[in-house]
Number of protein chains: 2
Amino acid sequence: MGYPGRIVPVNPAREKIFDLKAFPQLPDGIEHAFIMVGDVEGALEDCGRKGVPVATIFTDGFADAGAEGMARQKALAARARSLGVRLLGPNSMGMINLSGRCPITVNAVLDMDVPAAGAASIVSQSGTMLGTVLSRGAARGLGFSKLVSVGNESDLGVGEIVEMLAADPDTRTILLFLETVRDAEALARGARAAHAAGKPVVAYKLGRSALGERLARSHTGALAGEDAALDAYFGACGVARVDMLETLIEIGPLLAGRRPPDLARAPRVGVVTTTGGGAAAVVDRLGMHGIETASPDGRAPIIDLTMGRQAATYGAVVEQLLAYPDCDAVLAVVGSSAQFHPEHAVEPIIRARRAEKPLAVFMTPQADRSLALLAEAGIAAFRTPEACADALHAYFSWKSPREPQRGNPPEWPKDVPVEGRLTEHEAMKLFAALGVPVVETAVVRAPGYAHPIAYPVALKILSREVAHKSDVGGVVLGISGPQELLSHAKALQAKGDALLVQRMERGLAEAIVGYRDDPVVGPLVLVGAGGILAELYNDAVVRLAPVGEAEAREMVAAVKGFAALRGYRGLPAGDLTALASAVSAMSRLALLAGRPVLEAEANPVIVKAQGAVAVDALAVLK
Amino acid sequence: MGYPGRIVPVNPAREKIFDLKAFPQLPDGIEHAFIMVGDVEGALEDCGRKGVPVATIFTDGFADAGAEGMARQKALAARARSLGVRLLGPNSMGMINLSGRCPITVNAVLDMDVPAAGAASIVSQSGTMLGTVLSRGAARGLGFSKLVSVGNESDLGVGEIVEMLAADPDTRTILLFLETVRDAEALARGARAAHAAGKPVVAYKLGRSALGERLARSHTGALAGEDAALDAYFGACGVARVDMLETLIEIGPLLAGRRPPDLARAPRVGVVTTTGGGAAAVVDRLGMHGIETASPDGRAPIIDLTMGRQAATYGAVVEQLLAYPDCDAVLAVVGSSAQFHPEHAVEPIIRARRAEKPLAVFMTPQADRSLALLAEAGIAAFRTPEACADALHAYFSWKSPREPQRGNPPEWPKDVPVEGRLTEHEAMKLFAALGVPVVETAVVRAPGYAHPIAYPVALKILSREVAHKSDVGGVVLGISGPQELLSHAKALQAKGDALLVQRMERGLAEAIVGYRDDPVVGPLVLVGAGGILAELYNDAVVRLAPVGEAEAREMVAAVKGFAALRGYRGLPAGDLTALASAVSAMSRLALLAGRPVLEAEANPVIVKAQGAVAVDALAVLK
């Protein structure tokens with residue numbers, strides 16, 4: 001690749017490696033070592049001795065190879081720290097610095113002609129993806145600046161490298177190919193630095209299906225984490241997320257130099273095309289993402305210019321749409337002419353006066369030359385209608401990184417234990433201390449089971465062991481008076497030391513409000529439709545905890561099952577503001593010093609016309 | 001393209017068109033006319049006079065241009081019929097017959113080198129797609145046989161052309177690019193003919209989102225039809241459906257020569273790869289479609305062969321997976337070597353002993369040469385992980401065409417009108433006549449409101465006008481005795497002439513069972529979760545009506561909201577067999593002579609531990 005520095009092969013068994021003189025041992029003055037021998041530990045000692053600042057380890061058989069390999073990797077990383085050598089890998093395919101003409105990799109992609117450097121850099125947990133991105137980009141005239149395979153991330157990880165790229169003058173966009181997130185805090189730091197530097201970060205992450213998650217785990221040796229949790233995490237970090245692999249390669253020019261749109265309404269795209277069918281292929285998918293079209297004449301959803309007849313107007317329409325304040329982005333679709341007659345529509349797009357607005361181009365035929373022309377002009381162009389729609393969706397879903405939420409940590413209630421599983425009564429006290437409205441509750445004991453709560457009431461066993469009281473017949477609902485209570489209490493007494501009486505709450509619907517300290521991304525808060533709906537229909541919204549009232553209201557607004565409470569079909573409206581307050585209150589568990597709570601759940605929370613109240617409570621401490 | 005026949009330009013104003021002598025008027029002996037003049041009607045008369053058997057009309061301004069254009073088109077088609085000229089179009093881009101080296105089109109794609117003919121043919125409602133498919137196919141070595149743009153389908157339509165392709169010896173697979181379905185019966189006939197000839201039919205259809213549907217309608221001038229209805233239709237016709245445009249281009253070799261798998265369990269794919277990340281990109285998406293992996297060693301979900309070390313084994317593993325009875329298809333993923341070293345994995349795939357089993361190849365880098373090598377060998381290869389997973393999903397979801405369902409037409413109940421909107425009582429009688437179990441119902445009148453039904457009962461107004469009785473306060477539930485009935489009846493009387501008393505039914509859950517005679521695809525039956533769930537979560541299953549008991553049970557099994565009734569989380573099981581019987585019974589509306597019913601709905605149907613019963617009924621006749 002024309003690397004101007006010195007390349008030093010080290011191999012005591014050979015005179016030459018390719019055309020280069022082989023050294024029997026590591027000489028002085030090496031800036032970056034690439035280790036591909038079995039005795040990684042020995043090579044690392046050499047690097048330490050010779051003061052090599054960074055070593056990339058291609059050799060595998062570490063965290064990627066079970067518990068023993070993991071132990072080997074930990075020892076290696078510890079030794080590297082004490083030697084002052086930074087590590088990339090093990091199990092790294094290396095890195096390619098195109099701007100600096102410095103490839104340190106074994107990737108076979110370098111058999112091809114050296115592609116031009118571009119403005120996007122990629123950090124990948126899959127080594128193969130270096131070649132994938134580079135070769136696919138090259139075929140359509142898209143270059144890259146740095147490509148880094150992080151391997152097992154024993155030392156240098158995705159987050160730290162993103163932070164470096166945020167400071168790299170050659171990088172305008174940062175792309176991530178992820179199978180998991182190993183250090184969520186470091187990546188969040190890197191993403192914030194990139195945002196501050198005005199550099200979009202875009203992630204393609206595997207493990208969206210249970211099968212993919214299992215595979216990612218077995219492949220990386222790391223906990224992959226639930227996709228919904230990671231999605232919440234990316235959103236909070238200001239990382240845009242794409243669904244398709246080629247979108248990751250093609251999205252750069254769409255986002256470069258832009259800020260997250262943070263729109264408060266459904267996004268609208270202005271569309272101009274020379275082919276109805278081609279435009280429809282993109283627009284149909286935009287519609288599936290809830291994106292709308294906008295056009296200045298207000299009637300037709302798209303502006304359809306048949307080529308040959310109105311070729312002169314294509315560029316003018318692109319400019320008109322870019323200037324039209326009611327559309328948030330412009331989509332230009334070009335049909336058959338894109339292949340051999342870029343002068344008809346592609347060149348007018350390139351010549352159009354550019355606005356601040358994002359512009360995406362989709363061309364229906366194979367049109368490599370036009371793709372390259374557009375890439376050269378810094379205009380986002382897409383090979384498939386799906387990637388084009390995916391990119392626009394990723395742009396519109398992209399949010400600015402969330403400010404770290406602060407707040408006074410709640411007080412831990414005095415008579416609540418600080419470890420193990422809480423009883424429902426203890427959990428209720430904890431929830432109340434957070435500010436979650438809880439049902440009026442009293443512990444009752446034989447012989448009289450006296451309590452101050454107005455009838456009707458519910459009676460439950462109070463147990464530290466039984467998680468699902470209903471399953472063991474430990475709950476009686478709708479008890480109308482003291483006599484009925486007495487007879488049920490006697491029957492239940494055998495199942496628990498004490499019993500709990502609660503006021504019977506009636507409302508319009510049930511919700512679930514949960515909290516979990518995720519091992520990958522940290523504290524999460526969840527709100528979902530009640531009963532089994534959240535699970536059956538995956539109708540729950542997850543965000544990083546804590547969340548303020550406004551964000552909690554956004555979460556509640558995104559739960560489909562609450563449509564009835566929003567007055568759907570004239571059904572009576574529920575107090576979703578109160579529910580959002582309960583969500584925000586629950587999320588304050590994340591503010592407790594030392595974060596003692598592993599998971600907590602109020603299920604159900606009864607949503608009423610006025611107010612919302614938790615009628616069951618569960619909490620497990622670490 | 002080397003067409004061996006005679007090409008005759010007709011233009012009275014010119015001496016020559018390109019290198020050909022122009023004729024002032026149509027000569028004798030023309031087999032196919034291509035009309036691109038404004039005076040289409042005059043040109044058609046010429047064709048009629050000269051005995052031209054078929055004319056393609058490129059000119060637009062017919063059904064694509066509003067009501068007036070539609071009238072012009074109808075007149076044109078009628079005239080063509082009487083002249084004995086078959087029409088392709090108007091608004092057709094023409095056709096390309098690569099096997100016969102006969103292009104009759106204005107598509108700009110023909111500026112490229114003439115691609116080799118292949119085994120797939122495409123019928124498209126978008127003219128641009130001829131060039132799209134041809135140029136994208138050519139770039140990866142995939143050829144086509146016939147490409148037909150049907151335009152407005154005033155005469156020759158998608159269905160009839162599919163039927164011709166079913167009989168075409170050069171065509172092995174039939175691809176459809178659809179914006180709508182204009183003649184569902186003709187296409188069903190064509191699809192059955194193709195199935196009988198062993199030729200798979202694959203559709204890519206726009207209009208999946210509401211926005212896309214609106215666009216398709218405005219673009220084609222045809223009713224687009226609801227996507228769920230068309231999906232049911234494609235399934236019943238034996239048409240496989242793909243989600244992405246490039247899948248349509250690439251899927252040919254995967255399906256050619258195959259029959260629908262008609263699997264009774266979740267499909268399983270055996271996976272071999274030289275790149276973990278590349279395989280994961282496909283497998284993750286397979287998981288999203290409910291497709292699983294299978295491997296002979298039973299432990300790892302995929303067989304990961306690092307190249308260089310085990311290159312020799314790649315072909316052997318492909319053969320082993322193809323022979324392994326527990327997997328239904330094989331996915332071979334190739335990393336960087338695919339680009340410049342096809343000998344490592346691509347050639348072993350080509351040499352592997354082929355089984356009956358489908359084999360799909362995904363290559364992570366840009367690998368045009370390998371794509372062409374695989375295409376030449378008739379092996380399905382995909383450019384993107386998404387299209388690869390989409391194709392496998394389409395294959396596994398592909399079903400054999402359903403036999404036309406027959407059965408004795410139900411008797412129309414004597415005292416039920418044969419037009420307009422039925423009252424609830426009449427609709428109940430109709431449903432009962434079909435075999436749908438309905439709630440015990442009696443019409444009651446002042447002054448005594450006597451009835452034979454055991455309390456508790458429900459009381460409803462009986463009105464032909466009021467569709468939503470609850471909205472006008474026309475329903476009282478849970479009336480416990482005659483006195484209560486009397487007082488409610490007096491209050492309701494003002495709102496209707498007569499009143500209806502129904503037994504109060506209690507059950508475990510509610511369902512909706514519906515019927516609709518769709519203007520595009522004909523009679524449909526629907527079953528969904530009750531309340532507002534079917535609508536909120538789109539949790540309903542639609543099939544062409546009528547359906548037998550077995551198909552109705554499949555439908556019920558696919559409704560997520562019935563999970564509780566299937567014993568989810570230990571909840572009491574409901575009689576889903578009875579619900580399925582009700583679905584099958586309702587679907588018999590399609591068997592009535594003249595199909596008088598436009599739509600009908602039993603909502604809710606109460607599903608009990610034993611049995612299921614409709615407690616509300618609505619029917620609208622044509």
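The chains referred to below are lettered A, B, ... by the order of the sequence lines, with proteins before strands, and numbering in each begins at 1. Keep in mind it's a predicted model, so treat the numbers as computed, not measured.
- Contact annotation: the side chain of M244(B) approaches that of M244(A) to within less than 4.5 Å [non-hydrogen atoms, C-beta and beyond].
- Separation of atoms CG (L533(B)) and NZ (K560(A)) is listed at 11.5 Å; rounding is to 0.5 Å.
- Looking at H289(A), there are no atoms closer than 4.5 Å to chain B (heavy atoms on both sides), in backbone or side chain.
- Taking both residues in full, the closest heavy atoms of Y204(A) and A281(B) are given as OH-CB, 3.4 Å, listed atom of the first, atom of the second, then distance.
- Of the possible polar contacts, none joining the Y537(B) side chain to the N538(A) backbone as a donor-acceptor pair under 3.5 Å is found.
- Between chain B and the residues N107(A), D243(A), L134(A), the most heavy-atom pairs under 4.5 angstrom are made by D243(A).
- Rounding to the nearest 0.5 Å gives a distance of 9.0 Å between CZ of R136(B) and CE of M363(A).
- In plain terms, the two heavy atoms of S126(A) and T275(B) that are nearest each other are OG-OG1, 4.3 Å.
- Here the CG-CZ distance, from L206(A) to R285(B), works out to 10.0 Å after rounding to the nearest 0.5 Å.
- When each of S135(B), G290(B), G287(B), S124(B) is checked for heavy-atom pairs under 4.5 Å with chain A, S135(B) comes out on top.
- Of the listed residues (T364(B), T128(B), V282(B), L211(B)), the one with the most heavy-atom contacts under 4.5 Å to chain A is T364(B).
- Using a 4.5 Å cut-off between heavy atoms, A389(A) makes no contact with chain B at all.
- Across all their heavy atoms, I532(A) and A564(B) have their closest contact at CD1-CB, 3.8 Å.
- Listed by chain and residue number, T56(A), L88(A), S149(A) satisfy the side-chain contact (heavy atoms from CB on, under 4.5 Å) test with S92(A) (two or more places apart in sequence, or in another chain).
- Both the backbone and the side chain of M288(B) have a heavy atom closer than 4.5 Å to some heavy atom of chain A.
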Practice task
Tell me, with the steps shown, if D284(B) and K205(A) meet side chain to side chain contact (heavy atoms under 4.5 Å, CB included).
Solution key: CA-CA 10 Å; D284(B) 192 24; K205(A) 191 202 139 282; over 6 Å; no
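- L130(A) does not touch chain B: none of its heavy atoms, backbone or side chain, sits under 4.5 Å away.
- Of the two parts of T293(A), the backbone and the side chain both hold a non-hydrogen atom closer than 4.5 Å to a non-hydrogen atom of chain B.
- Using a 4.5 Å cut-off between heavy atoms, D368(A) makes no contact with chain B at all.
- Here the CD atom belonging to E386(A) is positioned 8.0 Å from the OG1 atom belonging to T384(B), to the nearest 0.5 angstrom.
- Residue T132(B) holds its OG1 atom at 9.0 Å from CD of Q339(A), rounded to the nearest 0.5 Å.
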